[in-house]
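Along the sequence shown, residues carry numbers from 1.
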Amino acid sequence: QQLREANPNSAQAARDVSVSLERLGDFLASRGQPGDAEAALAHYQQCRLVLQQLREANPNSALAARDLSISLSKLADVLTRRGQPGDAEAALAHYQQCLSLRQQLQEANPNSAEAARDVSVSLNKLADFLSKRGQPGDAEAALAHYRQGLNIAQQLREANPNSAQAARDVSVSLNNLADFLASRGQPGDADAALAHFQQSLSLSQQLREANPNSAEAARELMISYERMSHVTALQAEGAAAALALQQQALALALQLHQQNPGSWYFQRSAAISFHLTAFRAHAAGNEALSAETLSACYALLDQALQAGMAVDPPMRQLHAQLAPYFNAARDKEE
């Protein structure tokens with residue numbers, strides 16, 4: 001900021017300020033302590049103002065346009081999470097402006113994979129927002145955005161068949177579209193959602209095989225198994241198959257937890273996977289497995305709380321719900 005004050009006409013000085021504001025906003029948005037969300041929002045808003053000025057001063061700069069698009073996307077994300085009056089309208093405007101900037105960049109750089117990928121990401125974010133908002137016409141617009149985003153991701157993968165990122169982007173787009181169809185529930189949606197989930201799972205399995213030491217690849221495969229389990233459970237007589245898929249997800253969650261024993265993130269994932277497995281086992285009539293995995297879920301949460309980990313409110317609530325049952329069982333054994 002001091003450098004910018006000393007060099008008010010320097011684009012580099014202004015951009016450096018914007019980068020610092022964005023990173024501080026990122027940190028506060030992820031930390032989640034009281035007051036952090038508002039502070040993060042203020043930093044993101046200040047960052048956007050700086051970048052808008054840079055964009056206006058450099059209308060032909062692709063870097064200035066892309067920087068502003070990233071800032072708009074992050075600001076929209078924060079407003080969407082906050083959910084105060086007026087936030088949804090502001091978030092939508094930011095998502096739309098972000099998409100417009102990225103489409104302009106893609107038109108100006110038709111051979112740029114980065115520009116195309118940015119458009120695909122924006123389409124998926126805007127589709128997510130619209131699908132959750134649920135106003136008249138939102139579902140149709142969301143579906144169109146999901147399909148367009150998937151189409152771009154597939155084109156990028158065809159042009160870069162050896163790119164793990166391109167394959168992952170297709171997998172994510174398939175999952176997003178499948179989630180939307182599974183929740184919409186119109187005739188034919190369930191079958192289409194299942195087909196998309198299966199295609200995504202196949203891609204995730206290929207990525208895992210090609211990157212056996214990648215925690216991200218393992219996590220993505222775990223999520224694919226869980227999503228397949230969910231949609232399979234909705235089918236007639238799908239309980240046993242859904243349980244088998246969830247058990248594969250659990251195996252990956254436990255591997256990640258064992259490889260990262262000090263990480264609450266992976267311990268949380270394992271606890272959730274145990275809980276989902278207990279639910280699927282109960283639905284499939286395997287009460288012994290249900291009780292075993294529910295006990296393991298409680299044990300992981302209890303261990304985290306005893307160790308003083310920063311357990312988030314939903315997981316604290318789950319621990320509190322399970323505690324009376326397991327404490328009573330422990331007292332009975334003693």
For Arg23, look at atom CZ and say whether over 12 heavy atoms of other residues, nucleotides or ligands are found less than 6.0 Å away.
-> no
Closest approach of Tyr95 to Ser73 (non-hydrogen atoms, all atoms of both residues) = CE2-O, 4.1 Å
Would you confirm whether Thr80, through its side chain, and Ala76, through its main-chain N or O, come within 3.5 Å as a donor-acceptor pair?
-> yes
Would you mind reporting whether Gln155 and Asn151 have side-chain heavy atoms less than 4.5 Å apart?
-> yes
Have Thr277 and Thr293 got a donor and an acceptor in their side chains that come within less than 3.5 Å?
-> no
Salt bridge (Lys or Arg N to Asp or Glu O under 4.0 Å) partners of Arg133, counting only residues at least two apart | Asp138
For Leu101 and Ala65, the nearest pair of non-hydrogen atoms, with its separation, is CD1-O, 3.9 Å
Closest non-hydrogen atom pair between Asn124 and Ser173, with its separation | ND2-OG, 3.3 Å
Side chain to side chain, Leu63 and Arg15, heavy atoms closer than 4.5 Å = yes
Are Leu276 and Leu250 co-members of a hydrophobic cluster defined by side-chain heavy atoms under 4.5 Å apart?
-> no
Is it true that Leu256 and Val311 fall in one hydrophobic cluster, defined by side-chain heavy atoms closer than 4.5 Å?
-> no
Distance from His43 atom NE2 to Glu22 atom CD, nearest 0.5 Å?
-> 12.5 Å
When clusters are formed by joining ILVMFWY residues with side-chain heavy atoms under 4.5 Å apart, either directly or through shared neighbours, do Met315 and Leu300 land in the same one?
-> no
Does the side chain of Gln205 reach to within under 4.5 Å of the side chain of Tyr225, using non-hydrogen atoms?
-> yes
Hey, quick one: are Val121 and Ile70 part of the same hydrophobic cluster, counting side-chain heavy atoms closer than 4.5 Å, chains of contacts allowed?
-> no
Do Leu123 and Ile152 come within less than 4.5 Å of each other through their side chains, counting heavy atoms only?
-> yes
Within the side chain of Thr232, is there an N or O that forms a donor-acceptor pair under 3.5 Å with the backbone of Ala242?
-> no
OG of Ser273 to CD of Gln247, rounded to nearest 0.5 Å, is 10.0 Å
Side chains of Lys74 and Val78 in contact at under 4.5 Å (non-hydrogen atoms) = no
Looking just at side-chain N and O atoms, do Ser224 and Glu220 make a donor-acceptor pair shorter than 3.5 Å?
-> no
Step by step, work out the side-chain contact (heavy atoms from CB on, under 4.5 Å) result for Arg82 and Glu38.
-> CA-CA 9 Å; Arg82 189 173 71 160; Glu38 296 304 316; 3.0 Å; yes
Gln52 side, atom CD; Gln97 side, atom CD - distance, nearest 0.5 Å | 6.0 Å
Side chains of His319 and Asp302: is there a donor and an acceptor less than 3.5 Å apart?
-> yes
Distance, nearest 0.5 Å, that separates CG of Leu99 from CG of Leu72 | 11.0 Å
Taking atom CD of Gln321 as the centre, report whether more than 12 heavy atoms of other residues, nucleotides or ligands fall under 6.0 Å from it.
-> yes
Do the side chains of Gln267 and Asn260 get nearer than 4.5 Å, heavy atoms only?
-> no
In a check of side chain to side chain contact (heavy atoms under 4.5 Å, CB included) between Ser71 and each of Val50, Leu51, Leu49, Leu21, which one passes?
-> Leu51
For side-chain contact (heavy atoms from CB on, under 4.5 Å), just list the numbers for Gln165 and Asn160, CA-CA rounded to whole Å, side-chain angles, deciding distance to a tenth of an Å, and then say yes or no.
-> CA-CA 9 Å; Gln165 182 63 61; Asn160 302 273; over 6 Å; no
Do His275 and Leu294 touch side chain to side chain, with heavy atoms closer than 4.5 Å?
-> yes
Which other residues belong to the hydrophobic cluster containing Leu143, where Ile, Leu, Val, Met, Phe, Trp and Tyr are joined when side-chain heavy atoms lie under 4.5 Å apart, directly or via other members?
-> Tyr146, Leu150, Val170, Leu174, Leu177, Phe180, Leu181, Leu203
State plainly whether one hydrophobic cluster holds both Phe266 and Leu254, where clusters connect Ile, Leu, Val, Met, Phe, Trp and Tyr through side-chain heavy atoms under 4.5 angstrom apart.
-> no
Linking Ile, Leu, Val, Met, Phe, Trp and Tyr through side-chain heavy atoms less than 4.5 Å apart, which residues share a cluster with Leu243?
-> Leu289
Shortest non-hydrogen pair, Ala323 vs Tyr298, comes out as CA-CE1, 3.5 Å
Can you tell me how far the OG atom of Ser269 sits from the CZ atom of Arg219, to the nearest 0.5 Å?
-> 6.5 Å
So, does Ser112 use its side chain to make a donor-acceptor pair with the main chain of Asn109 at under 3.5 Å?
-> no
Enclosure of Gln2 CD (heavy-atom neighbours >12, cutoff 6.0 Å) | no
Please examine the side chains of Leu156 and Ser120, heavy atoms only from C-beta on, and report whether any two atoms are closer than 4.5 Å.
-> no
Any idea which heavy atoms bring Ser69 and Cys98 closest together, and the distance?
-> O-SG, 3.2 Å
Hey, is the main chain of Ser200 close enough, under 3.5 Å, to the side chain of Ser204 for a donor-acceptor pair?
-> yes
Salt-bridge contact Asp169-Arg157 (side-chain N to carboxylate O under 4.0 Å) | no
Worked check of side-chain contact (heavy atoms from CB on, under 4.5 Å) between Asp67 and Leu54 | CA-CA 9 Å; Asp67 284 346; Leu54 278 174; 5.9 Å; no
Donor-acceptor pair, Ser30 side chain versus Asp26 backbone, under 3.5 Å?
-> yes
Distance in Å, His257 NE2 paired with Tyr265 OH, rounded so as to fall on 0.5 Å steps = 14.0 Å
Pro161 and Glu158: which non-hydrogen atoms are nearest, and at how many Å?
-> CD-O, 3.6 Å
Tell me, with the steps shown, if Asp312 and Arg316 meet side-chain contact (heavy atoms from CB on, under 4.5 Å).
-> CA-CA 6 Å; Asp312 52 283; Arg316 287 181 178 273; over 6 Å; no
